[in-house]
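For the single chain, residues carry numbers from 1 onward in sequence order. Only this structure's heavy atoms are used, side chains among them; waters, hydrogens and symmetry mates stay out.
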Amino acid sequence: MRLSRTARTVLGIVTALILLAVYLPLFVVLVNSFSTSTSLTWPPPGFTLEWWGKAFQSAGALEAVGTSVAIALVATIVSLVLGTLISLALQRFEFFGRDAISLLIILPIALPGIITGIALNNFFRTIMGVPLSIWTVVIAHATFCIVTVFNNVIARLRRTGTNLEEASADLGAGIWTTFRLVTFPQLRSALLAGALLAFALSFDEIIVTTFTAGSGVTTLPIFILNNMFRPNQAPVVSVIAVVLVIVSIVPIYLAQRLSGSEQTRR
C-alpha cells in the first residue's frame with residue numbers, strides 16, 4: 001500500500017515531533033552535565049568538565065553502580081536459565097494449560113511497575129516474612145527479565161523447528177548431547193540478545209526496586225532519585241544520568257544488531 005504525498009508529509013512531521021519530545025530532554029540532560037551552573041539554569045552560562053570528575057570520584061555513585069551491575073548480572077543469569085527452560089518446555093511439548101502458562105510468563109512485563117512492586121513487597125514481607133534485601137531485588141528483577149529471554153528464545157525455536165533435533169536423536173544422540181551440539185548453537189545469538197536486554201532492563205529499573213530494596217540497598221537509579229533535589233548535586237546527577245543512558249543504550253543496540261544480523265543471514 002502506497003501513501004499519498006500529503007499522508008507521507010503528515011506522518012513524517014508527526015514522527016519528527018514524537019522523536020523530538022522523546023530525545024530533546026535527553027539532550028538537555030547531556031548539556032547540563034557540562035554546565036557551570038549548580039542550579040542548571042538555561043541556557044548554561046558556561047561549560048566545564050568539573051562535574052564529570054566529581055561524579056567519577058563520588059563514593060556513593062560508584063557503590064550504586066556496583067550494586068546495580070551486581071543485581072543486573074545475577075538477575076540476567078537467573079533469567080537465562082529459567083527463560084530458556086520455560087521456552088523449551090512450552091515450544092517442544094504439548095500439555096494442558098500451556099497457553100495459560102505462556103500468558104502468565106509474559107504478564108509481569110505488561111503490568112504497571114508499581115503494581116508489580118506492591119505485590120512483591122507484600123509477598124516478601126507479609127506472606128514469606130522475608131526482610132527486604134539485595135536478594136529480594138534480584139528476584140523481583142528476574143520476574144520481568146525472564147520475559148525478554150523467553151520471547152527471544154521461543155521465537156528462535158519456532159523458526160528453527162525440530163528437524164535437526166529429530167535427526168540427532170535418530171543418529172543415537174541423547175537429550176543432553178542434542179541440546180549441546182544442535183539446539184544450543186542455534187540459540188546462542190538469541191540467548192545473547194535476550195541477556196543484553198535483560199541486563200539493560202534490570203540496570204535502570206527503579207519502580208519495582210523501590211518497593212523491594214532494603215534500607216541499605218541503593219542502586220544507581222535510586223541514587224539519582226535521592227540526590228537530584230539536593231543543593232549542588234544536580235550537575236553530578238546529570239552526569240550519572242548520562243552514564244546510565246549510555247549503559248542502557250549499548251546492550252539494547254547490540255541486541256538489535258544481533259537480531260538483525262540473524263534475520264539477514266536467514
Side-chain angles (χ1 to χ4, degrees), residues 1-35 37 40-44 47 51-52 68 72 76 79 83 102-103 105-117 141 144-156 158-159 189-210 219-221 224-225 228 234-235 237-266:
M1 183 179 68
R2 300 191 60 174
L3 298 175
S4 65
R5 183 175 181 179
T6 301
R8 291 198 301 269
T9 302
V10 172
L11 183 61
I13 293 174
V14 172
T15 302
L17 290 174
I18 293 174
L19 292 176
L20 187 65
V22 171
Y23 291 104
L24 183 59
L26 296 179
F27 175 76
V28 172
V29 172
L30 175 63
V31 173
N32 283 336
S33 67
F34 297 100
S35 175
S37 172
L40 302 183
T41 57
W42 191 265
F47 297 95
W51 311 119
W52 283 81
S68 290
T76 299
S79 301
S102 179
L103 176 62
I105 296 298
I106 299 175
L107 190 59
I109 204 169
L111 290 174
I114 190 170
I115 301 299
T116 302
H141 285 199
F144 54 81
C145 288
I146 287 177
V147 182
T148 61
V149 177
F150 172 79
N151 285 336
N152 278 273
V153 173
I154 202 166
R156 181 62 53 81
R158 287 169 178 167
R159 288 202 301 267
S189 60
L191 289 172
L192 182 56
L196 290 171
L197 290 173
F199 181 89
L201 193 63
S202 173
F203 188 82
D204 62 10
E205 165 59 39
I206 184 171
I207 300 177
V208 174
T209 307
T210 302
T219 62
L220 191 57
I224 293 175
L225 181 64
M228 64 184 300
V237 170
S238 294
V239 173
I240 299 173
V242 171
V243 174
L244 182 61
V245 170
I246 294 173
V247 173
S248 301
I249 287 177
V250 171
I252 294 174
Y253 171 76
L254 293 176
Q256 185 181 34
R257 289 294 301 270
L258 283 171
S259 300
S261 62
E262 185 67 24
Q263 290 178 0
T264 301
R265 286 198 298 269
R266 292 180 181 279

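- Contacts of Ile206 classified as side chain to side chain contact (heavy atoms under 4.5 Å, CB included), with partners at least two apart in sequence or in another chain: Thr210, Pro221, Ile222, Leu225.
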Worksheet item: Under the side-chain contact (heavy atoms from CB on, under 4.5 Å) criterion, do Leu197 and Asn152 qualify, and how do the steps go?
Response: CA-CA 10 Å; Leu197 290 173; Asn152 278 273; 3.9 Å; yes
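- Looking at heavy atoms from C-beta onward, Ile106 lies in side-chain contact with Ser102 at the 4.5 angstrom threshold.
- Residues passing the side-chain hydrogen bond (donor to acceptor under 3.5 Å, both in side chains) test with Thr76, sequence neighbours excluded: none.
- Listed by chain and number, the residues in a side chain to side chain contact (heavy atoms under 4.5 Å, CB included) with Leu17 are Ile13 (sequence neighbours excluded).
- Across every non-hydrogen atom of Ser202 and Cys145, the tightest pair is CB-SG, 3.8 Å.
- A search for side chain to side chain contact (heavy atoms under 4.5 Å, CB included) contacts involving Leu103 returns nothing, not counting sequence neighbours.
- Phe203 is linked by a ring pair (Phe, Tyr, Trp, His ring centres under 6.0 Å) to Phe199, counting only residues two or more places apart in sequence or in another chain.
- If you take OH on Tyr23 and CG on Leu19, they are separated by 6.5 Å, rounding to the nearest 0.5 Å.
- Across Val242 and Leu30, no two heavy atoms sit closer than the pair CG2-CA, 3.8 Å.
- His141 and Thr209 are linked by a side-chain donor-acceptor pair at a separation below 3.5 angstrom, with hydrogens and angles left out of the test.
- Shown here are the side chain to side chain contact (heavy atoms under 4.5 Å, CB included) partners of Val10, two or more places apart in sequence or in another chain: Thr6, Val14.
- At distances below 3.5 Å, at least one donor-acceptor pair connects side-chain atoms of Ser68 with backbone N or O atoms of Leu220.
- Pairing each heavy atom of Ile105 with each of Val147, the nearest pair is O-CG2, 3.1 Å.
- Enclosure of atom CG in Leu107 by more than 12 non-hydrogen atoms of other residues, nucleotides or ligands within 6.0 angstrom is indicated.
- Interatomic distance, Ile146 CD1 to Ser79 OG, rounded to the nearest 0.5 Å: 5.0 Å.
- Put simply, CZ on Arg156 and CG on Asn151 are 13.0 Å apart, with the number rounded to the nearest 0.5 Å.
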